[in-house]
A.B. asks: 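Structure incoming, see below.
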Amino acid sequence: MKAFSADRITGAVCAICPDIEARISNGAAQRNEKRLWWELSACVLSSQVPYPLACEAASAIDTAGHLFKPDCLPDLSDRLSEILRRPLTATGRSYRFPGARARQLAATKERVTNRFGTLSALLTKLDTPVAARDWLVNCAPGLGPKQASMFLRNSGFSYDLAILDRHVLNYMELTGLRAENSKPIATMRDYWLGEESMRGHARQLGFPVGILDWAIWIVMRVARTEEGARA
């Protein structure tokens, strides 16, 4: 990322934040149960897998309808695993971790159903972003703070949580918000510290942190692609 200055990258990020805010305002996030389970499964499935592939796998599960139905099927893990082992339509590839992710999604469905009944009820009863994220991190297998924050943002529940993925962490190093070659985020405390740093930066720039890191994700991916093309 040495080809791009911190000021140039930050300028590009700030330039597209209003577009993201307008997109959110014009197409309010869907909060129905079907859409919420699609978003949550996409977040679980995106761990160590390209996000477009995770979305395609989430759509395959969504078509079967097992997650958003009221009842939790006793053989849900096996049904989900079978879906994830099939070649996906757009790429012809199968999902990389079918068994592990199927078990995680099945366990999450069971725990959400037993505790709240529905994901919609979870978001109603745990009415602060931090409380909702804490429950998901502690009780939903496969959801760390990054994935849980992404689910809460993508579902329109909160734009006040940071998604500290590798693109955002690279941006933080580029702009001096994080030391270069820092150790990976390994604990919830590490995540909170990084999030507070990003939240302060977002306040200075005048945008919610969830909008800012969305813009960072877009800009940093484009910058990396352009850098690779120049190499």
Side-chain angles (χ1 to χ4, degrees), residues 1 6 9-10 13-14 16-17 20-21 24 29 31 36 39-49 51 54 100-101 104-105 107-108 111-112 115-116 119 121-221 224:
M1 204 59 61
I9 291 290
T10 300
V13 166
C14 290
I16 66 172
C17 280
I20 294 173
E21 291 180 315
I24 290 168
R31 292 277 289 275
L36 289 175
E39 293 288 0
L40 186 140
S41 59
C43 291
V44 171
L45 293 166
S46 67
S47 180
Q48 298 179 286
V49 168
Y51 189 64
R101 298 294 179 257
Q104 289 170 341
L105 286 169
T108 297
R111 292 174 187 181
V112 169
R115 177 70 172 81
F116 300 100
L119 272 178
L122 182 156
L123 297 182
T124 298
K125 294 176 181 179
L126 299 176
D127 57 355
T128 70
V130 171
R133 182 173 67 186
D134 285 350
W135 191 90
L136 290 167
V137 169
N138 290 326
C139 301
L143 285 179
K146 178 183 72 176
Q147 290 89 352
S149 299
M150 183 165 66
F151 164 66
L152 295 169
R153 183 195 67 187
N154 291 356
S155 65
F157 181 70
S158 174
Y159 298 98
D160 194 42
L161 299 171
I163 296 90
L164 302 182
D165 66 3
R166 62 188 177 91
H167 299 293
V168 173
L169 294 176
N170 287 340
Y171 171 87
M172 293 176 72
E173 291 186 9
L174 180 68
T175 56
L177 296 171
R178 174 180 165 89
E180 289 189 21
N181 301 315
S182 296
K183 293 180 180 179
I185 292 177
T187 66
M188 198 66 210
R189 183 176 182 276
D190 292 340
Y191 199 93
W192 288 331
L193 291 173
E195 184 173 61
E196 280 305 302
S197 180
M198 273 297 296
R199 192 174 281 124
H201 184 58
R203 282 195 297 267
Q204 289 180 337
L205 298 177
F207 300 104
V209 68
I211 301 296
L212 184 70
D213 66 14
W214 199 340
I216 290 169
W217 181 78
I218 295 169
V219 170
M220 293 296 284
R221 288 177 74 227
R224 183 171 291 278

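Along the sequence shown, the residues carry numbers beginning at 1. The shown structure was predicted, so the numbers you read here are calculated from the model rather than taken from an experiment.
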A.B. asks: Hey, could you give me the CZ/NZ distance between Arg115 and Lys125, rounded to the nearest 0.5 Å?
C.D. replies: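 Rounded to the nearest 0.5 Å, the CZ-NZ separation comes to 7.0 Å.
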A.B. asks: Please state whether the rings of Phe116 and Trp135 are parallel, tilted or perpendicular, taking 30° and 60° as the class boundaries.
C.D. replies: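 Ring orientation of Phe116 relative to Trp135: perpendicular.
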A.B. asks: Under the side chain to side chain contact (heavy atoms under 4.5 Å, CB included) criterion, do Val44 and Phe151 qualify, and how do the steps go?
C.D. replies: CA-CA 9 Å; Val44 171; Phe151 164 66; over 6 Å; no
A.B. asks: Nearest 0.5 angstrom please: Ser41 OG to Leu105 CG, how far?
C.D. replies: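 Ser41 atom OG to Leu105 atom CG measures 6.0 Å (nearest 0.5 Å).
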A.B. asks: Looking at Ile185, Leu193, Leu164, which one forms a side chain to side chain contact (heavy atoms under 4.5 Å, CB included) with Arg178?
C.D. replies: Ile185
A.B. asks: Walk me through whether Leu126 and Asp134 qualify under side chain to side chain contact (heavy atoms under 4.5 Å, CB included).
C.D. replies: CA-CA 10 Å; Leu126 299 176; Asp134 285 350; over 6 Å; no
A.B. asks: Counting N and O atoms only, with roles assigned by atom type, does the side chain of Arg153 sit under 3.5 Å from a partner on the main chain of Leu161, one being a donor and the other an acceptor?
C.D. replies: no
A.B. asks: Look up atom CG in Leu143 and atom OG1 in Thr108, then write down how far apart they are to the nearest 0.5 Å.
C.D. replies: 6.0 Å
A.B. asks: Distance check, rounded to the nearest 0.5 Å: Phe207 atom CZ versus Ile16 atom CD1?
C.D. replies: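 Here the rounded value is 10.0 Å.
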A.B. asks: Within this structure, what is the CH2-CD1 distance for the pair Trp217 and Ile20, rounded to the nearest 0.5 Å?
C.D. replies: 10.0 Å
A.B. asks: Could you walk me through whether Thr10 and Val219 satisfy the side chain to side chain contact (heavy atoms under 4.5 Å, CB included) test, starting with their C-alpha distance in whole Å, then the side-chain angles of each, then the deciding distance to 0.1 Å, before giving a yes or no?
C.D. replies: CA-CA 9 Å; Thr10 300; Val219 170; over 6 Å; no
A.B. asks: I'd like to know if the side chain of Tyr191 reaches the main chain of Ala162, judged simply by a donor and an acceptor atom lying under 3.5 Å from each other, with no hydrogens or angles considered.
C.D. replies: yes
A.B. asks: Spell out, as yes or no, whether a donor-acceptor pair under 3.5 Å connects the side chain of Glu39 to the backbone of Leu36.
C.D. replies: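 Here the side-chain-to-backbone pair does not exist.
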A.B. asks: Please check: side-chain N/O of Asp213 versus main-chain N/O of Ile216, any donor-acceptor pairing under 3.5 Å?
C.D. replies: no
A.B. asks: Given side chain to side chain contact (heavy atoms under 4.5 Å, CB included), test Leu212 with Met198 step by step and report yes or no.
C.D. replies: CA-CA 9 Å; Leu212 184 70; Met198 273 297 296; 3.9 Å; yes
A.B. asks: Please check if the side chain of Ser46 supplies one atom and the backbone of Cys43 the other of a donor-acceptor pair under 3.5 Å.
C.D. replies: yes
A.B. asks: Quick one: CZ on Arg166 to CG on Asn170, what's the gap to the nearest 0.5 Å?
C.D. replies: 7.5 Å
